[in-house]
Amino acid sequence: MFKFMLLLIFGLIESGSIETLNFGTIDMDTIWSSKPVYISFWATYCTSCVRELDEINRIKDSLGIFVIAVCEDGSRKESKVISFIKGKKWSFPVLMDDRQSVMKQYGVTALPSSFLYNKEGKLLKRFTGFSPRDVDLIKRLLEGGNEP
Amino acid sequence: MNFFLTLLLQFHFSVSGEYLLDKDTLAEYSSIFGNLQHSIGENLSLSSDFILQLHSDPSERIFTLMPQVSFSSSTFSLKLFDFQSSFQNGLVLAQEPDLAFKRLRYLRGLSAEIAIGQMEITALTGQPFNYDYDAFSFRTTNDTVDLLRGLSFKYANGIVDFEASYLRLNRRNMPEPYAFQEIFGCSWGLQRGIFDLVLNVARKWGVEPLTFGRMKGFGVHTFLNTSFPAINFSLSAVFYDSINFWGYNLPAVITEKELLPGSGFSDKGIGFNTAFYLGNTYFEGGLGSLVSIEEGNLLSPDDGKAFQETYLKTKLNIPSRVEIKLAREYYLRVEPEYEQLYVYTLESRGFFSWGVPVDYVMNVSFNEEDCFSYYVLGTVISAEILRDFSFGFNIEYATRKIPRYENEELWANLEIIYRFDYGTLTLDVGNRRGGLVCSGGMCRVVPPFSGITLGLNFGF
């Protein structure tokens with residue numbers, strides 16, 4: 001029942017295995033319920049997205065969150081994305097959303113868009129766009145606080 | 001009760017719309033692109049993309065639905081009606097969306113996928129149709145009765161990827177009713193330790209439209225990335241000789257500008273880039289060259305070597321706050337009226353806190369065209385003055401009137417963005433030169449325009 005509820009809440013990358021560009025295959029069943037999860041939709045041409053993921057990469061270990069970046073560049077730019085993320089030394093998995101199916105599941109229409117879930121799988125906050133103030137808000141929400 | 005709760009939780013809706021009012025002509029442009037999706041149980045999904053366009057010009061009004069019924073389980077999935085697909089990273093088939101430029105590509109038909117262990121087989125048949133967004137309007141770009149049939153086999157075990165695919169096109173509106181074109185290829189990928197290697201090859205066969213002669217094409221894209229703890233290198237090379245498959249494939253591009261000189265008909269080139277950290281400073285450099293090798297003929301003698309681009313970029317990122325880019329680009333016959341154009345760009349972008357978060361972009365470019373040269377100076381400043389409210393000001397000035405920009409020399413616009421959990425609301429007033437614009441934490445492609453723009457992105 002718990003798993004079924006998770007399926008209802010999370011959408012497409014909620015369970016089973018997902019194929020990533022830089023971390024091989026990840027079993028999502030082991031991720032949920034072990035850590036808070038941060039899902040970010042981004043593209044290489046979106047400078048705000050890159051800035052957001054640079055910040056998230058810097059703080060993710062101290063916050064203890066599991067980060068998944070969903071790339072919307074399209075399959076033909078896969079090589080460019082591999083080169084980009086390896087150059088950036090981002091240490092979180094990146095998956096290609098070639099046909100924007102994950103994006104549609106999450107109702108995303110603008111980049112960057114991000115979703116923060118707590119360890120219990122509850123959606124704490126959906127972010128559209130990026131502001132440096134969001135980093136403080138993420139910390140506060142994970143500590144159990146509310147939005148200002 | 002549980003049934004209705006399930007229905008509610010599995011309902012997704014997203015919409016991206018804009019309204020423009022041209023200050024000179026008072027023409028109104030309004031368009032919405034969206035998606036409605038509903039899941040029934042764990043396996044069945046009903047969805048539809050839609051376009052609603054209500055311009056003041058009645059001939060541009062559109063309301064269209066792209067419905068899809070899909071069934072998916074762990075081993076089998078089936079898609080009916082309008083779906084999207086790509087084979088070999090676009091080299092063989094690229095009927096997939098391009099979000100940055102609002103190019104919407106679909107196939108209307110049937111697609112089936114079977115996954116057994118690490119293998120995946122896809123078979124599809126469908127009539128392709130595209131909607132491209134250009135000059136504030138969605139338009140159908142291929143109103144044909146073409147029919148595509150394809151088959152793809154994939155194997156991936158985390159170290160080695162392999163894909164083989166075949167695509168056949170029947171063109172019913174050609175003089176020879178049974179004429180067909182076909183393209184097939186293979187790609188290999190290897191991920192081992194510090195290496196990523198990709199080799200993507202395709203071959204095209206077919207019948208010439210009018211002469212009924214034999215048509216041949218060949219395309220290859222290779223990529224090698226090697227990543228050490230301190231430094232990352234990538235090397236790419238392409239050779240595309242008449243590989244364009246009636247616009248239904250879209251080969252990868254290796255250069256920074258992501259332009260294909262010969263639209264994939266006949267391009268060759270090589271690209272290299274490196275990225276590394278030195279302390280807290282991030283460096284990135286690139287060098288790429290892509291040239292059309294298509295030869296002119298009696299009907300179109302200007303086709304030969306239509307375009308060439310080279311660039312060299314250096315970017316340094318001091319503690320993630322400032323980015324400096326130096327680029328040199330060379331275009332040969334970028335537009336029919338220009339033989340050549342050199343562009344030298346120095347750009348700095350970053351953010352700082354001045355009581356409130358402030359983003360800025362400053363750039364200077366020196367442009368050298370056939371008969372004249374000029375500088376373009378640009379500045380964008382945006383500040384989040386209130387939480388979730390950003391105010392941006394963008395100004396660009398060229399040191400002379402430029403024919404390609406309708407003899408304008410000054411562009412300025414003011415933008416207000418409101419961010420809320422489920423989307424953004426944007427108001428923009430002024431005139432814009434056009435291009436990819438990022439401000440207030442958002443990026444989008446903006447065409448040249450003078451007037452008022454209202455934008456809404458919303459989804460749940």
Side-chain angles (χ1 to χ4, degrees), chain A residues 4-5 7-9 11 16 19 21-22 24-25 43 45-52 54-55 58 72-80 82-89 96 98-101 103-113 125-134 137 147-148, chain B residues 6 9-10 12-16 35 37 42 47 74 84-86 89-91 94 96-100 156 158 196 198 221 223 225 227 232 234 236 250-252 273-277 284 320 349 351 353 357 384 387 417 419-424 436 438 440-444 457-460:
Chain A
F4 181 63
M5 285 307 291
L7 275 171
L8 294 183
I9 294 164
E19 193 67 40
L21 277 181
N22 50 345
T25 305
Y45 58 79
C46 166
T47 52
S48 299
C49 308
V50 174
R51 204 173 98 195
E52 178 207 8
D54 279 340
E55 284 292 307
R58 193 173 58 80
E72 300 297 338
D73 272 37
S75 66
R76 60 192 288 266
K77 294 181 190 164
E78 192 174 300
S79 300
K80 181 184 175 180
I82 290 172
S83 170
F84 189 87
I85 58 180
K86 298 222 165 173
K88 282 281 183 187
K89 306 283 177 208
M96 296 295 289
D98 296 341
R99 298 159 208 168
Q100 295 178 1
S101 53
M103 194 175 174
K104 284 176 184 170
Q105 283 273 338
Y106 281 76
V108 170
T109 55
L111 299 179
S113 283
K125 173 82 177 166
R126 175 188 171 133
F127 298 92
T128 305
F130 174 70
S131 159
R133 288 171 169 162
D134 293 346
L137 184 56
E147 284 189 58
Chain B
T6 307
L9 285 171
Q10 293 185 334
H12 298 279
F13 177 71
S14 57
V15 64
S16 174
N35 174 263
Q37 193 160 333
E42 290 186 39
S47 70
S74 57
Q84 289 159 323
S85 191
S86 65
N89 290 346
L91 185 59
E96 60 178 8
D98 182 339
L99 180 74
D196 277 87
V198 175
H221 169 221
F223 167 76
N225 184 86
S227 188
N232 183 75
S234 290
S236 311
L250 210 55
N273 74 63
T274 180
F276 59 93
Y277 280 93
E284 186 183 314
S320 304
R349 62 172 66 227
F351 65 97
S353 183
E384 193 182 353
R387 176 153 189 95
I417 298 175
R419 297 197 306 149
F420 52 102
D421 279 8
Y422 293 92
T424 57
L436 183 69
C438 295
M442 303 300 301
C443 293
R444 60 222 161 274
N457 287 293
F458 177 73
F460 65 84

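What you are looking at is a predicted structure, and each value in this text was computed from that prediction instead of being measured. Below, chain A is the first sequence line, B the second, and so on; all start at residue 1.
Contact detail for Gly423(B) and Thr128(A): the closest heavy-atom pair is N-OG1, 3.4 Å. The nearest pair of heavy atoms linking Ser83(A) to Asn225(B) is CA-OD1, 3.6 Å. Between Arg419(B) and Phe130(A), the shortest heavy-atom distance links the atoms NH1-N, 3.5 Å. The shortest non-hydrogen separation linking Arg126(A) to Asp421(B) is CD-O, 3.0 Å. Scanning all heavy atoms of the two residues, the minimum distance from Glu96(B) to Ser75(A) falls at OE2-OG, 2.9 Å.
Residue Ser227(B) holds its OG atom at 9.5 Å from CD1 of Ile85(A), rounded to the nearest 0.5 Å. In this structure, CD on Gln84(B) lies 9.0 Å from OG on Ser101(A), to the nearest 0.5 angstrom.
With hydrogens and angles disregarded, a donor-acceptor distance shorter than 3.5 Å links the side chain of His12(B) to the backbone of Gln105(A). Arg76(A) places no side-chain N or O within 3.5 Å of a backbone atom of Ala94(B) that could act as its donor or acceptor partner.
Both the backbone and the side chain of Ser85(B) come within contact range of chain A, judged by heavy atoms closer than 4.5 Å. Of the two parts of Leu21(A), only the backbone, made up of N, CA, C and O, holds a non-hydrogen atom closer than 4.5 Å to a non-hydrogen atom of chain B. Using a 4.5 Å cut-off between heavy atoms, Tyr422(B) touches chain A through backbone and side chain atoms alike. Looking at Thr25(A), neither its backbone nor its side chain comes within 4.5 Å of chain B, counting heavy atoms on both sides. With a 4.5 angstrom heavy-atom cutoff, Met96(A) does not touch chain B via any of its atoms. Phe13(B) touches chain A through its backbone: at least one of N, CA, C or O sits under 4.5 Å from a heavy atom, while the side chain does not.
Chain B forms the most heavy-atom pairs under 4.5 Å with one residue out of Arg133(A), Glu72(A), Gln100(A), Glu78(A), and that residue is Arg133(A). With respect to chain A, the highest number of heavy-atom pairs below 4.5 Å among Thr274(B), Asn232(B), Asn89(B) belongs to Asn89(B). Interface summary for chain B: among Ser79(A), Gly74(A), Gly87(A), the most heavy-atom pairs under 4.5 angstrom belong to Ser79(A).
Looking at heavy atoms from C-beta onward, Lys80(A) lies out of side-chain contact with Ser234(B) at the 4.5 angstrom threshold. No side-chain heavy atom of Val108(A) sits less than 4.5 Å from a side-chain heavy atom of Ser14(B).
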Legend entry - Test log, rule side-chain contact (heavy atoms from CB on, under 4.5 Å), inputs Lys104(A) and Ser47(B): CA-CA 10 Å; Lys104(A) 284 176 184 170; Ser47(B) 70; over 6 Å; no

